[in-house]
Each structure stands twice: as C-alpha cells, then as structure tokens.
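Worksheet for the structure shown next.
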Amino acid sequence: MSQLRLGLAGAGRFGQLHAAVLSALPNVTLAAIADPCTERCHHVADRHQVARRYGSTQELFDDADLDAFVLVTPDEQHGAQGLAAVATGKPVFIEKPLASSSQQAMALQKAAAASDSLLQTGLLLRYELQHALLQEELAAGHFGELVSIRVKRNLSAAWFSAVADRAHTVYESLIHDLDLLLWLSGSRATRVMAMERRFGTHQSPEGCYALIELASGCVAMAETSWFVPPQAPANVMTETWAGTIDAELAVVGTQQTAQLRLLDSPLTIWGQDHQRHPDAQLWPLHQGHIHGALERELADFTNAARTGIPSRTASLDQAIEGLQLAEAIVEATRTGQAVAMPRMVADPQS
C-alpha cells in the first residue's frame, strides 16, 4: 500500500496534535475526521485540508474509502468504539488507555484477532529517545540484576478538574508509568500495595501511591498527584494546553543506576510571567510540525498498517497487563490489602 488513507476519531486537545502529525507523515493522507462537536471538527479539518467530516465514529468506520483508523476519543469510549473499529478488519490505533478495564481490553484483543485487524495502542514513552536508550541498556543486561524502579508523575493542579470525575487518576496519568515499569523491567507484576490521598468528593483521588513487587524480585514504587502550582516552570506548551508534567524515573541495578527527569531541559526561557522549559521530547512543535515521541509513535503505527507487520515497540500484551496493574492499585487503595496479580494470556498478535 503506497498511500495510507487514514480516519481520525476525536478532534479534542490531544486529537489536534495527532491530526498535525498525521497530516505531515509521508505516505499518509489524513482523509477524514470525526467529532461530535461540529465546530471543532470543522476547525481541525479546515486547518489540515480534510474534506470528509463526520459527527460520529460509526460514520467514520462506515467510510469504505479509508484504510485505517486512529482513535483519540474520551477514555471511557475506547472499549465500544474500539470493537466497532476492529470489526471493519482494518488497522486500528487507540490512544491510551486501550480500554476502561482489562476485560474490555482483552475483548478488543480477541475481536481484533478474529477480524484480522491489526490493533495498536498508545504507549508514548516507549518512543521517547531517552527512555528508549535506557530500555536498550537494561535489555542488554548492563544494569545487572534490577533492584528497584521508581516512577513519579506530578501534574498541574489546574488540569485536575477536567479529569476528576471522568476516570481514576491511575488510568489518567499513572498508566504511562505502569507501562514503563513493565517495559523497562521485562518482568510481570505479582503483588501490589497502595494508598491514596483525597481532598474532595471526586471520582478520582488527587494523589495515588503504590508499591509493586515484580516476578524478577525487583521492587517498584509509583506515585502520581495533581499538585503542581501555576508558578512552576511550564514544560507543556501548545495552542490549547499549558502547564507542567513533573515526571521522574530512577532505576537501581546491581551494576548501574540511572535517573531521568522530564521537567529538566537544557533550554530554559525566563519570560515576563513565567519560566518555561520547552518540551523537546514528547510532541515539540517546530516550523509548524509536531515532532518527538508522538511523531515516532504514529509513524510506527502507519508503517505497521501499510505492511501488516505489528509493531515491535508497542506490546498489546503489556498494555493489557498495565490495565490489570492499574485495577490492582485501585483495589488495593479501596481495601487497604495487598492484591495479587493475575497471569496474562498470550497475545495472538505477538
């Protein structure tokens, strides 16, 4: 397939970044966009000269002229929309999380296999070069035996209201780091203990903290919260989004250790109102184009869609295990007890 005609579902904040990447990728045509907000759909379609515009994802999936789909819709819609998308038998990319539960995700995996639809999900940090270099070091055994991994993701307090009653904070923010734990360690999780902090009556807690035992013996610590004040250095700056992701990763092995901080950047700009650390890793905008990890991730999917060969980077199995791990953390915070992890079923696409 020389030119991939692609349909995008979701023209919100993150969907607009996907549209910018997809419209600039070689051998890809962003041919259709679907969003229930007509004004937003037309705005994004006009910007990228997309002729076909739909008010529902089903209309998008019914477009026989499209070769593949990218879903960047609200998290709670991924399960049902994903099933409708893979039923077409065409390649489908679903942003994180793959579904609202591991059961939904496994149903998606099974449906994709039955319809011969190539299914891939968003695992963005696997495509960020510093994380990828660290994973190569670990996979080569240069760290010796892994002792511990610690991940932290503290986000702007101003963002919390948008997600507080939509999804548990583990699924909204920590899901990235749970995938990192599984990917970097190369080991499955076996047992989870967790606590949370709540300062209101929202569906989601403002803070969540987990201690995770891995089958290899490595101990992982994961934390996330929504308390970065507006005075903090901004490292996420787009046309529709501004704030801070204060993320840290620390790996301890018997032979090497490593630390990675997403907040820090060699480029610092002191403005009249705030200090900025412009993102050069995740989705930096340069000369009108989105680059970084998001560009590499979508290029990986579109290449898989054209060739029919599943990605070697994005593991559907580990995406589902990440959801199981998130569920175990939520259950551990609810009961105050340690939760044992279930064993995974082999991925038919791996």
Side-chain angles (χ1 to χ4, degrees), residues 1 3-4 6-10 13-30 48 67-72 91-98 118-140 151 153 175-184 186 235-238 241 245 247 249 258 260-267 277-319 322 349-350:
M1 186 185 299
Q3 194 73 11
L4 188 74
L6 200 142
L8 172 66
R13 183 176 64 188
F14 208 35
Q16 291 177 34
L17 294 180
H18 284 67
V21 171
L22 294 168
S23 63
L25 285 178
N27 303 315
V28 174
T29 298
L30 181 56
H48 301 292
D67 300 312
F69 306 105
V70 171
L71 276 62
V72 196
V92 177
F93 177 92
I94 303 177
E95 255 305 340
K96 72 85 188 167
L98 177 59
L118 185 148
L119 177 61
Q120 187 170 325
T121 191
L123 301 171
L124 184 67
L125 293 178
R126 295 185 181 218
Y127 296 86
E128 196 283 309
L129 285 179
Q130 295 173 103
H131 290 87
L133 290 171
L134 176 58
Q135 192 272 340
E136 285 185 351
E137 284 273 316
L138 287 159
V151 289
R153 188 163 304 268
I175 196 74
H176 291 289
D177 303 289
L178 300 182
D179 178 63
L180 277 182
L181 293 178
L182 299 173
W183 183 50
L184 295 176
N235 61 354
V236 176
M237 305 288 287
T238 70
W241 200 10
I245 300 177
L249 168 66
L260 178 58
R261 277 178 50 82
L262 188 63
L263 178 62
D264 296 334
S265 168
L267 176 61
H277 290 264
D279 163 46
Q281 290 88 33
L282 299 181
W283 47 76
L285 176 66
H286 177 61
Q287 296 183 345
H289 295 292
I290 301 290
H291 300 280
L294 185 60
E295 180 185 49
R296 287 188 287 273
E297 179 177 55
L298 292 177
D300 184 42
F301 167 69
T302 55
N303 180 65
R306 277 199 306 273
T307 64
I309 302 172
S311 168
R312 297 179 61 185
T313 301
S315 165
L316 204 57
D317 248 6
Q318 287 189 329
Q349 290 189 4
S350 62

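Bear in mind that the values here come from a model prediction, so they are computed numbers and not experimental data.
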Derivation and outcome, side-chain contact (heavy atoms from CB on, under 4.5 Å), residues Leu119 and Ile94:
CA-CA 8 Å; Leu119 177 61; Ile94 303 177; 3.9 Å; yes
Quick one: closest heavy-atom pair of Leu262 and Gln281, and the distance?
CD1-OE1, 4.0 Å
Apply side-chain contact (heavy atoms from CB on, under 4.5 Å) to His131 and list each qualifying residue two or more places apart in sequence or on a separate chain.
Leu125, Glu128, Leu180, Trp183, Leu249, Leu260
His48 meets the side-chain hydrogen bond (donor to acceptor under 3.5 Å, both in side chains) criterion, sequence neighbours left out, with Ser23
Do Leu22 and Leu298 come close enough that some side-chain heavy atom pair is under 4.5 Å?
yes
Inter-residue atom distance Leu129.CG - Glu136.CD, 0.5 Å rounding
9.5 Å
Take Leu134 and Leu184 through the test side-chain contact (heavy atoms from CB on, under 4.5 Å) and record every step on the way to the result.
CA-CA 8 Å; Leu134 176 58; Leu184 295 176; 4.3 Å; yes
Leu30 vs Leu8 side-chain heavy atoms within contact, under 4.5 Å:
yes
Are the side chains of Glu297 and Ser311 in touch, meaning some heavy atoms are under 4.5 Å apart?
no
What are the two closest non-hydrogen atoms of Ala305 and Ala68, and how far apart are they?
CB-CB, 4.3 Å
Walk me through it: do Leu25 and Glu295 pass the test side-chain contact (heavy atoms from CB on, under 4.5 Å)?
CA-CA 8 Å; Leu25 285 178; Glu295 180 185 49; 4.2 Å; yes
Using a 3.5 Å distance criterion without hydrogens, assess whether the side chain of Gln318 forms a donor-acceptor pair with backbone atoms of Asp179.
no
Side-chain contact test, heavy atoms from C-beta onward, threshold under 4.5 Å: evaluate it for Ile245 versus Asn235 and give yes or no.
yes
Indicate the atoms forming the closest heavy-atom contact of Tyr127 with Ala293, along with that distance.
CB-O, 3.5 Å
Evaluate the criterion side-chain contact (heavy atoms from CB on, under 4.5 Å) for residue pair Trp283 and Leu124; output intermediate values, then yes/no.
CA-CA 10 Å; Trp283 47 76; Leu124 184 67; 3.5 Å; yes
Output all residues satisfying side-chain hydrogen bond (donor to acceptor under 3.5 Å, both in side chains) with Gln16, sequence neighbours left out; order by chain, then residue number.
none
Quick one, Leu123 and Thr121 - any side-chain contact, counting heavy atoms below 4.5 Å?
yes
Gap separating the CZ atom of Arg153 from the NE2 atom of His176, nearest 0.5 angstrom:
6.0 Å
Within the 4.5 Å heavy-atom criterion, are Leu118 and Phe301 side-chain neighbours or not?
yes
Check Pro284 against Leu282 and note the closest heavy-atom contact, atom names and distance.
CD-C, 3.6 Å
Are Leu98 and Leu316 packed together at the side-chain level, in the sense that at least one heavy-atom pair is separated by less than 4.5 angstrom?
yes
How long is the gap from CG on Asn303 to CZ on Arg296, to the nearest 0.5 Å?
15.0 Å
Would you compute the distance between atom CZ of Arg126 and atom OG1 of Thr313 and round it to the nearest 0.5 angstrom?
8.0 Å
To the nearest 0.5 angstrom, please state how far the CZ atom of Arg306 sits from the CG atom of Asp67.
10.5 Å
In this structure, CD of Gln120 is separated from CD of Glu95 (nearest 0.5 Å) by 10.5 Å
